[in-house]
Amino acid sequence: TALSWIYWAAVRIFGRRRYNRGREINKMKLFFLSVLTMLLFSLCGQALASGNIIERGATNTETVAQTRDDIWLTPASIPYFPADEIQGLYRNERNDTYSSVGDLLVSLYSNIKRCILADNGTVVYYLDPTSSYNREGVLPSVSGTDDAGTAYKVSDANVFTGPASDYVGHYVHNKTDDTYSMITAKDSDSVLSIQDDIFDIDDTFEICTAVLNGDDGQVMVEIPAFYHKYSYENGWHEWLISKERHAGFELHHAFQKNGANVTARYIGAYEGVLYDTSKGKYVNGLCLPSHIYYTMSFNGTTNTITSNHLDYPFSNLEAGVDTIVISGTQLNEKPLGCGVTSVTDTSITVDCDLEDELDVPCLIMTQIDWENDVLSSVAGKAPITCGTRAQFRTIAANRDLDWRQQDYDLISAIQLLYLVEYENWYSQSEIGAGLTDWTGTDWSHWNNFGAIEKTGLSNIIGNATGNVSNGSGVEESYMSYRGIENFYGHLWKWVDGINIYEHVPYVCNNDVDFADDTMINYTSLGVTLSDSNGWQKTLAQISRGFLPVSVGGSSSTYITDYYWQDTGWRVVGLGGCANDDTNAGIAYWNLLGASSGAYSYATGRLCY
């Protein structure tokens with residue numbers, strides 16, 4: 001049919017035309033017509049012989065009607081990538097399906113590992129990939145058998161003859177029970193003090209080789225720089241990562257820090273711990289907010305404070321280490337702090353003179369100098385809480401040049417690494433619930449929504465990803481993604497370098513410019529986020545991070561993590577806390593808080 005139309009069009013143009021009646025036909029035009037006719041019949045014959053059909057182009061209406069729906073289709077083309085060059089993921093946001101490309105980037109993922117980082121940013125040493133209790137390549141050389149079974153001690157005659165630095169800050173491994181405890185002091189050549197009561201007589205032990213108490217440096221996770229590429233087409237998000245630059249790829253923003261490209265970033269292996277500068281020691285976090293139902297009683301004879309209702313308010317404190325302040329009472333205001341001299345789960349004795357006072361709602365918290373103390377990442381301490389994001393920003397920067405609390409771009413890089421590795425947003429299914437499944441009732445009665453665990457529970461699995469979920473009211477639950485303990489769960493973690501105003505996100509990766517409630521020196525991401533709370537469904541079509549533009553998913557579909565928001569200026573928290581249950585996960589955002597907010601269930605995390 002198409003050939004016929006072409007033929008008759010040619011006849012109309014070049015057909016017979018008499019100049020005058022009886023004159024000859026224009027010979028040149030007839031010759032051209034003959035050649036064109038033979039060519040058309042030749043093409044037609046070839047098409048028929050080969051079985052092909054030469055079709056006309058689609059009209060505009062037909063083009064629109066034939067646009068891919070993609071609801072049941074994979075992306076139009078999925079490229080092949082040689083092993084260990086490029087890895088990525090496609091996600092159809094319409095029907096929540098995934099399609100992966102490439103193989104695991106061993107050269108990238110295997111080099112995400114824990115290390116000890118000096119304050120000047122240099123790696124002191126790496127930790128054993130399978131157990132953070134030891135240095136990489138350095139196995140225990142001191143071992144023995146406990147000969148006394150004394151509580152909070154490990155004993156063996158004349159075994160500990162080295163200086164105190166050979167033991168303090170190391171962990172001792174009870175090989176009989178496969179338990180660990182940090183060494184806190186050298187008592188003699190035969191006796192070491194330890195943080196936990198783990199030894200019975202005749203238990204065998206070894207002294208581990210890594211120092212995780214901060215004496216050698218901060219316990220961090222090294223993340224090598226990588227490149228990434230993002231695109232969006234017809235409902236499909238494309239995320240690709242590579243160790244090398246390829247066409248269309250750019251260095252991830254996490255590694256464009258303070259105006260310079262860096263070869264690696266470092267994030268705290270643990271939630272934030274406080275170094276008390278005035279005392280010269282790492283201390284435990286405690287924040288017991290004043291509550292009419294959770295009162296305290298003060299004994300002026302014994303200088304003891306006892307909780308009337310809470311079950312474990314003081315369990316994380318250490319005698320001779322921690323100092324507390326008290327406010328909200330009539331007779332026992334202690335703004336300058338009291339040293340803790342003895343501890344039980346429900347009571348503490350202090351070195352201050354107290355007055356008798358019964359059933360008092362009051363605030364009791366760790367003594368903190370937000371201008372001079374230092375945010376840290378060390379094992380064996382309860383995280384510090386009850387500070388604003390700005391206060392955590394200050395104590396992070398107090399460590400040294402280029403230190404900060406965790407920032408938006410670094411968090412985005414980690415989320416991207418997780419997503420490409422696991423090919424699913426459902427992190428609680430892929431990794432586990434961790435410490436997210438406590439009930440609000442259990443947690444409130446435990447310590448009024450304060451830190452439950454001390455840092456370091458994940459040391460036993462080293463750089464691996466893992467999870468322990470013991471259930472509500474039971475201790476020693478955690479999750480860890482490639483060495484980052486409690487990336488989600490236990491306590492909310494502040495995220496710096498991002499401000500929200502009227503649902504529009506503004507970001508920055510220069511810590512000198514980090515500030516709250518401002519757009520100055522921040523870059524708009526050019527999107528407006530969802531103005532409703534709920535499980536996230538669709539994400540902003542941006543290359544710089546993962547933020548929701550709509551809700552409507554569930555705890556097991558679409559993004560699977562919850563999202564909180566509000567109008568006006570907002571600061572950002574990540575990951576959720578102990579009673580967030582199915583809301584929590586690797587992409588659980590809290591964009592609800594004001595910059596003035598400070599909470600017993602929120603902490604920071606150190607990074608470099």
Side-chain angles (χ1 to χ4, degrees), residues 116 124-125 127-128 131-135 137-219 273-284 303 314-323 338-345 348-351 376 378-382 454-457 459-460:
I116 301 297
V124 181
Y125 51 81
L127 301 178
D128 186 278
S131 169
S132 297
Y133 293 116
N134 292 306
R135 300 187 187 195
V138 183
L139 296 176
S141 59
V142 178
S143 60
T145 301
D146 188 272
D147 58 13
T150 307
Y152 297 96
K153 306 287 183 181
V154 57
S155 306
D156 200 358
N158 298 312
V159 170
F160 313 119
T161 56
S165 58
D166 285 352
Y167 312 105
V168 176
H170 297 250
Y171 276 78
V172 59
H173 178 201
N174 182 332
K175 298 172 66 177
T176 301
D177 297 334
D178 196 24
T179 54
Y180 294 81
S181 183
M182 183 177 284
I183 300 166
T184 58
K186 176 183 174 179
D187 300 353
S188 68
D189 287 351
S190 302
V191 180
L192 302 174
S193 292
I194 58 178
Q195 200 170 53
D196 310 283
D197 183 13
I198 64 170
F199 279 101
D200 292 320
I201 194 168
D202 294 331
D203 286 348
T204 59
F205 67 84
E206 61 185 6
I207 306 299
C208 301
T209 59
V211 179
L212 306 180
N213 72 340
D215 286 351
D216 282 359
Q218 302 304 296
V219 187
V273 169
L274 186 74
Y275 179 79
D276 186 329
T277 301
S278 63
K279 301 292 192 299
K281 62 180 70 174
Y282 295 92
V283 298
N284 292 286
N303 294 326
F314 302 117
S315 299
N316 285 329
L317 295 182
E318 294 176 79
V321 173
D322 295 314
T323 302
C338 299
V340 177
T341 58
S342 69
V343 179
T344 71
D345 289 335
I348 53 173
T349 302
V350 297
D351 60 9
S376 309
V378 300
K381 300 295 181 184
K454 293 186 175 182
T455 55
L457 288 175
N459 289 338
I460 191 66

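Just so you know, residue 1 is the first one in the sequence shown, and it goes up from there. Bear in mind that the values here come from a model prediction, so they are computed numbers and not experimental data.
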Check against side chain to side chain contact (heavy atoms under 4.5 Å, CB included), Val378 and Leu212: CA-CA 6 Å; Val378 300; Leu212 306 180; over 6 Å; no
Val154 vs Asp203, side chain to side chain contact (heavy atoms under 4.5 Å, CB included): CA-CA, chis, key distance, verdict: CA-CA 9 Å; Val154 57; Asp203 286 348; over 6 Å; no
Chi angles and distances behind the side chain to side chain contact (heavy atoms under 4.5 Å, CB included) call for Ile116, Leu127: CA-CA 7 Å; Ile116 301 297; Leu127 301 178; 4.1 Å; yes
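Annotation: side chain of Val343 is not in contact with side chain of Glu318 (no heavy-atom distance under 4.5 Å). Side-chain atoms of Leu192 and Val168, non-hydrogen and from C-beta on, never get closer than 4.5 Å to each other. Counting heavy atoms from C-beta on, the side chains of Tyr125 and Val211 come closer than 4.5 Å. Two residues are said to be in side-chain contact when any heavy atoms from C-beta on lie closer than 4.5 Å; Asn213 and Tyr282 fail this criterion. A heavy-atom distance below 4.5 Å is not found between the side chains of Val321 and Val340. In this structure, the side chains of Ser376 and Leu274 stay at 4.5 Å or more apart for every pair of heavy atoms. In this structure, Asp178 and His173 have side chains that are in contact, with non-hydrogen atoms separated by less than 4.5 Å. The side-chain heavy atoms of Asn134 and Cys208, taken from C-beta on, include a pair separated by under 4.5 Å.
Note on ring orientation: taking the six-membered ring where Trp is involved, the planes of Phe205 and Phe199 are perpendicular (angle over 60°, cut-offs 30° and 60°).
Judged by distance alone, with hydrogens and angles left aside, the side-chain atoms of Ser193 form no donor-acceptor pair with the main-chain N or O of Thr184 at under 3.5 Å.
Applying the salt bridge (charged side-chain N to carboxylate O under 4.0 Å, His left out) rule to Asp202 yields no partners; only residues at least two apart in sequence or on another chain are considered.
Applying side chain to side chain contact (heavy atoms under 4.5 Å, CB included) to Val172 and the options Asp146, Val142, Asp196, Ile183 leaves one that passes, Ile183.
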